[in-house]
Amino acid sequence: MTNGAAPNGAAPNGAAPNGAASKKITRAFSLQPILVPFYALILAVLVGGVLIAIVGVNPFTAYGYLLKGMFGSPDRIAGSIARSVPFIGSALALAVAFRAGLFNIGAEGQLLLGGVSAAWVGTWAWMADMPAIIAIPIVILAGMLGGGIWGAIPGLLRAKTGAHEVITTIMLNSIGLFGVRWLVSSQKPVVLRDIESTAPRTRPIAEGARLPTFLDSSQPNLHLGLVLLVLAAIAMALLLDRTSFGFEVNTVGLNPGAAKYAGISVNKTIVLVMALSGAMAGLAAASEVSGTSGTFQPGTFAGMGFDGIAIALLARAKPIPIIFSAIMWGSMLSGAPLMQQEADVSIDVVRIIQALVLLLVAADAIVRYIFRVKVETGNEFAASSTVEAS
Amino acid sequence: MTTPVLEVRNIRKTFPGVVANDAVDFTLMKGEIHCLLGENGAGKSTLMNIVFGLYQPDNGTIEVDGEEVSFENSRDAIAAGIGMVHQHFQLIPVFTVAENVILGSETTKGKLLDLDAARSIILDLGKRYGLHVDPDAKVGDLSVGEQQRVELIKALYREADILILDEPTAVLTPGEVDDFFEVVQSLVQQGKSIIFITHKLREVLAVADKITVMRSGTVVGTAEPSTSTQQSLANLMVGHDVTLQVDKTPAEPGETALVVSHLQVSDTRGLPAVAGIDLEVRAGEIFGIAGVQGNGQRELVEALAGMHKIDGGRVQMLGVDVTSMSPRQISELGVAHIPEDREKHGVVGEYPIYDNLVLNRYFKAPFVKRGVRQMGAIRAEAERLIQMFDVRTPSMDTLTSSLSGGNRQKTIIARELSQDPKLMLVAQPTRGLDVGSIQFIHEQIIALRDSGVAVLLVSAELDEIMSLSDRVGVMYQGKMVGVVEAAGATRETLGILMAGGTIDEARTDGSEHRGSSR
């Protein structure tokens with residue numbers, strides 16, 4: 001551009017110049033080497049151990065039970081994975097939008113809308129007679145459509161009015177939550193509520209629409225949703241990295257100005273990506289409704305969208321790594337009750353550890369300092385040319 | 001003129017992976033205008049940022065008035081009597097001149113601001129050095145030239161004896177440059193010493209008492225203006241013989257390729273930026289648009305490229321009405337666009353070079369098949385373009401952001417020419433580039449013209465406009481104030497137009513205009 005000679009014009013190590021907070025967030029997602037999350041986990045576990053010791057429990061005992069709860073038997077492993085499955089979808093909801101430079105904080109609401117849509121369609125009378133081969137895809141697609149529409153709304157608002165998606169997705173979370181709650185709990189009129197149940201939830205979906213399970217003995221059951229969500233992650237990876245649509249999404253995310261210049265419709269891309277993101281959350285919710293519970297109950301999804309943000313952050317918003325960070329995240333939550341039961345350490349310790357991991361990944365300077373991880377600067381060529389700006 | 005006021009010895013400054021300054025010696029005498037000349041990246045700004053306390057050197061000493069100093073920050077440098085006027089002004093637009101000047105070292109009466117005292121000091125300084133500004137004017141309402149005066153007053157108010165001026169003329173019209181040089185002369189006459197950073201050879205010869213030339217972090221020579229020519233300075237700056245002259249044959253204009261009628265465009269704030277422009281560009285000619293930056297040129301080009309909403313008027317390209325077309329539709333007609341802002345529009349820095357080389361064709365065969373990108377075809381095309389346009393890069397997988405400015409611009413030009421355009425929109429094609437790249441790009445633009453392409457060239461560098469164009473239009477406040485044949489145009493004529501004068505004024509005054517910038 002201009003021969004920048006402002007006092008802070010030089011960025012000697014190739015790092016982005018100090019900018020808005022969103023720049024910082026962007027960097028946390030995109031530039032972390034895989035080492036940082038790994039070391040952050042180790043540090044967080046150490047700090048968690050100290051906390052456990054302070055409350056008077058041997059940290060090794062506590063962590064022993066945690067591990068046993070996570071992976072102590074085939075059933076527990078299956079249960080841990082089953083618990084993790086929906087997190088893949090809620091993390092993809094963030095990751096896909098993120099590639100277009102959008103922060104989709106709305107997985108929480110998109111899950112709810114996806115879940116309620118899947119359950120509603122699954123309870124249609126004619127669905128009862130449908131074979132699984134037809135009923136399952138209908139329910140899954142209904143979930144994706146519900147989540148997708150709820151995701152497309154903030155996309156449209158952004159494209160048409162410039163309203164920031166962080167604000168609109170958070171608002172839509174509330175609208176979605178209370179709207180869905182009313183749908184499943186209202187007694188007068190009865191909308192979707194199962195009047196035979198005391199809990200506010202929908203009626204059970206058609207038997208044919210239930211996802212087949214691999215293992216009934218685990219808690220929760222390991223079902224076909226695992227395959228669906230892993231396939232979704234692979235599909236997203238291929239879509240974003242190999243197709244011209246993915247190229248457009250990446251271009252919009254990395255440099256909207258250049259995207260516009262190159263003839264890409266930035267607005268259209270934003271709406272499509274947000275719809276796709278919402279559909280990923282919707283898929284996760286439909287898989288839970290038809291694989292785990294068979295009904296829709298809003299409480300099941302509480303916090304799942306926000307956990308998805310954390311999981312995506314750990315996986316640097318990359319679809320395939322998300323599978324693994326989701327399983328790590330879900331397994332810890334799945335193993336924590338055994339730790340509480342046997343070692344008398346609150347399951348909240350796991351939440352603290354998870355929060356610490358995130359904190360350390362966001363404030364990566366701490367991890368880099370302790371473990372001497374260098375900042376990624378590209379190559380020497382990069383370093384030498386950036387000083388030209390000085 | 002005999003005592004050194006600033007002596008810099010053996011300065012070394014490294015940034016990770018690069019030596020920005022090495023063994024740099026620099027001496028500024030009292031009452032001297034000392035030009036620091038060098039290409040972008042030669043280390044001029046790094047050196048001056050060290051002198052102004054913004055960077056700390058790894059090695060070496062700085063002496064002010066014979067005493068060794070060590071600056072922790074710019075506050076220390078200011079205390080030692082050094083002032084710096086940055087290329088990008090550091091002013092607050094909503095504050096008045098007086099408020100801006102005192103900001104950071106406020107005059108006070110008890111706990112209260114004393115603006116009256118500041119006002120009288122500013123008027124005083126104005127009288128002494130010919131820096132006339134109204135202390136109560138809002139800075140945002142001032143012209144760029146006036147804002148620059150405010151920056152100078154700011155430095156003088158802090159009692160600077162050594163003034164560092166970083167590319168001060170980049171934003172001025174030729175007429176304003178003349179006024180500015182008068183101010184500079186009056187400053188040195190009253191005992192100030194000046195370091196003048198620039199890459200414009202003409203200006204160096206016009207004002208310097210002494211010239212120091214830097215290249216790749218070191219001082220490669222000093223020169224006296226009396227015994228130097230533009231050619232000798234350019235050779236010293238680049239390190240080998242360079243051609244400053246652009247060779248071209250007379251244009252052979254063909255059919256009209258671009259017709260703009262009564263075009264109106266608003267800027268991002270909604271204010272009119274292009275206020276009813278008419279122009280025509282024919283195949284095989286270069287139509288240059290001169291003008292001081294910010295007079296609507298950016299909006300004009302972006303509107304023509306389809307990137308900016310058109311409020312009124314019509315645009316016809318290659319016989320097609322494109323007034324309401326999208327960038328993609330316009331590009332598909334055979335219109336290429338070298339954007340003004342390379343980083344914001346021209347390339348995606350985080351992409352490898354090969355992706356940027358197909359950014360205009362990624363959606364077409366053979367680069368995509370049934371929605372799937374064909375990396376083989378993309379890489380083959382990148383290989384071809386990198387060879388053809390001599391893009392200097394370790395590999396096509398290198399991130400584009402790590403290329404030098406010149407190679408980034410070559411990447412953009414390679415891509416835009418790859419689709420055999422009939423009409424080119426070229427904005428600021430050589431801004432911030434080294435002499436070698438500038439030469440290459442000028443040759444490419446001339447070659448395009450000779451092959452029958454219509455070229456619309458916008459540049460803030462008057463020399464570039466004058467040497468490349470066949471016809472020149474001058475923009476001032478969103479209007480085309482005059483169109484002249486390049487062959488008969490002089491700097492003075494264009495300068496008067498750039499400042500808002502009329503063709504008639506330019507004709508009568510042009511001959512008797514002080515030509516000190518020539």
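Everything numeric here is computed off the predicted structure, so don't read it as measured data.
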Between B:Gln409, B:Gln329, B:Arg415, B:Met48, the one whose heavy-atom pairs under 4.5 Å with chain A are most numerous: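 Most heavy-atom pairs under 4.5 Å with chain A: B:Arg415.
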
Best-contacting candidate, B:Gln374, B:Glu332, B:His337, against chain A by heavy atom pairs under 4.5 angstrom: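 Option with the greatest count: B:His337.
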
So for [X], is it side chain, backbone, both, or neither that comes closer than 4.5 Å to the heavy atoms of chain A?
X	value
B:Val372	both
B:Val347	backbone
B:Asp355	both
B:Arg370	neither

Side chain proximity check, A:Lys260 to B:Met307, heavy atoms < 4.5 angstrom: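 Sidechains of B:Met307 and A:Lys260: in contact.
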
Sub-4.5 Å side-chain heavy-atom contact between B:Phe367 and A:Phe247: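 SC-SC contact between B:Phe367 and A:Phe247 ruled out.
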
Show the nearest heavy-atom pair for residues [X] and [Y], with the distance to one decimal.
X	Y	result
B:His345	A:Tyr261	O-CD2, 3.2 Å
B:Pro327	A:Gly263	CB-CA, 4.1 Å
A:Ala258	B:Val348	CB-CG2, 3.8 Å
B:Lys344	A:Asn255	O-OD1, 2.8 Å

Side chain / backbone / both / neither for A:Ile264 at chain B, heavy atoms under 4.5 Å: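 Contact with chain B involves both backbone and side-chain atoms of A:Ile264.
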
Atom [atom1] of [X]: over 12 foreign heavy atoms under 6.0 Å:
X	atom1	value
B:Lys369	NZ	no
A:Phe324	CZ	no
B:Phe363	CZ	yes

Donor on one side chain, acceptor on other, A:Glu248 and B:Tyr362, under 3.5 Å: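 Side-chain D/A pair, A:Glu248 to B:Tyr362: present.
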
B:Arg328 (side chain) donor-acceptor with A:Ala262 (main chain) under 3.5 angstrom: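 Yes; at least one donor-acceptor contact below 3.5 Å.
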
Value rounded to 0.5 Å, distance of CE in B:Met375 from CG in A:Asp241: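 Rounded to the nearest 0.5 Å, the CE-CG separation comes out at 10.0 Å.
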
